[in-house]
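Heavy atoms only: backbone and side chains are in, while hydrogens, waters and symmetry mates are out. Please read all numbers here as calculations on a predicted model, not as lab measurements. One is the number of the first residue; the rest follow in order along the sequence. For ligands, and for the atoms within them, numbers begin at 1 and follow the listed sequence.
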Amino acid sequence: MIGRAERLPVVILLSGRGTNLQAIIDEVRAGNLPIDIRAVISSNPEAAGLARARAAGLRTEIVDHRTYPTRAAFEQALIAAIDAHAPKLVTLAGFMRILGRDFIEHYRGRLINIHPSLLPQFPGLDTHARALAAGAKQHGASVHFVTPEVDAGPIIIQAALPVFPGDTPETLAERVLKEEHRILPLALRWFAEGRLTIRDGRVLLDGKPCPEQHLVGSASRD
Ligand code: GRF
């Protein structure tokens, strides 16, 4: 059993239902993820993810963007809330605010996001509908380091799956979400184990480009 002191201190930011948070909690409980979730911070007081965090005995905080006059003021408050927990990693798990350059630079190299597409395809919102409209044969999810360009930072791991005839945004979202729940905890584990480096804008695992980082999923029709 890994002691709490040896676990990587992590703060998780979310805005919504928190199924990715739940996947992380489950992996920590299963002994597969050596992190200490110091706090779960939501931009949205109504986020269902807050209840999941509380049910797991985690500290929760709310930094509601609507109560700050500017994005800069919101982000300063968010930085203060996060840094009070001295995290070595900050994870965006369904955090639905675009973050500014100052915030991102403050956490350079220790800010990770999950995005529901095979980046660089379909950055931004409504990824499943856009993949279908574009006639994509494959779709999936990406975990990446965050840089100031939205959804464009170095990719840690991706999971791909086939798009089936008759898929809707909802059926696709459901299958992609299962992959998200697999690859986000895995990326956090690699980070916590000190196995990730960034060289020339690319992520290396154990110092090498690793084929397993890409297209590892093949979720089929259940
Ligand atoms: C996920 O699809 C994630 O990729 C995106 O927002 C969604 C969050 O889902 N950034 P949940 O709140 O973790 O259930």
Exercise. Asn20 to ligand 1: N or O pair under 3.5 Å?
Worked result: yes
Exercise. N/O to N/O below 3.5 Å, does that happen between Leu21 and ligand 1?
Worked result: no
How close does the nearest protein non-hydrogen atom get to [atom], and which residue and atom is it?
atom: atom 10 (N) of ligand 1; result: Ile114 O, 3.2 Å
atom: atom 9 (O) of ligand 1; result: Arg17 NH2, 3.2 Å
atom: atom 5 (C) of ligand 1; result: Pro116 CD, 4.0 Å
atom: atom 4 (O) of ligand 1; result: Glu180 OE1, 2.8 Å
atom: atom 12 (O) of ligand 1; result: Gly18 N, 2.8 Å

Seminar exercise, completed: From the list Val40, Leu58, Thr19, Leu14, side chain to side chain contact (heavy atoms under 4.5 Å, CB included) with Arg52 holds only for Thr19
Problem set entry | Criterion side chain to side chain contact (heavy atoms under 4.5 Å, CB included) against Val10, the qualifying member of Asp36, Leu33, Thr91, Val28 | Thr91
For this session: Return yes when Gly49 approaches ligand 1 closer than 4.0 angstrom through a heavy atom, no otherwise.
Result: no
For this session: Please report the closest heavy-atom contact between Gly201 and Pro154, naming both atoms and the distance.
Result: O-CB, 3.4 Å
For this session: Give the ring-plane orientation class for Phe145 versus Phe191, where under 30° counts as parallel, over 60° as perpendicular and anything between as tilted.
Result: tilted
Exercise. With under 30° as parallel and over 60° as perpendicular, where do the rings of Tyr68 and Phe74 fit, or are they tilted in between?
Worked result: tilted
For this session: Tell me yes or no: between the side chains of His128 and His139, is some donor less than 3.5 Å from an acceptor?
Result: yes
Exercise. Side-chain donor-acceptor pair under 3.5 Å between Asp83 and His106, yes or no?
Worked result: yes
Exercise. Short list, please: which atoms of ligand 1 are under 4.0 Å from a heavy atom of Gly94?
Worked result: 6 (O), 8 (C), 10 (N)
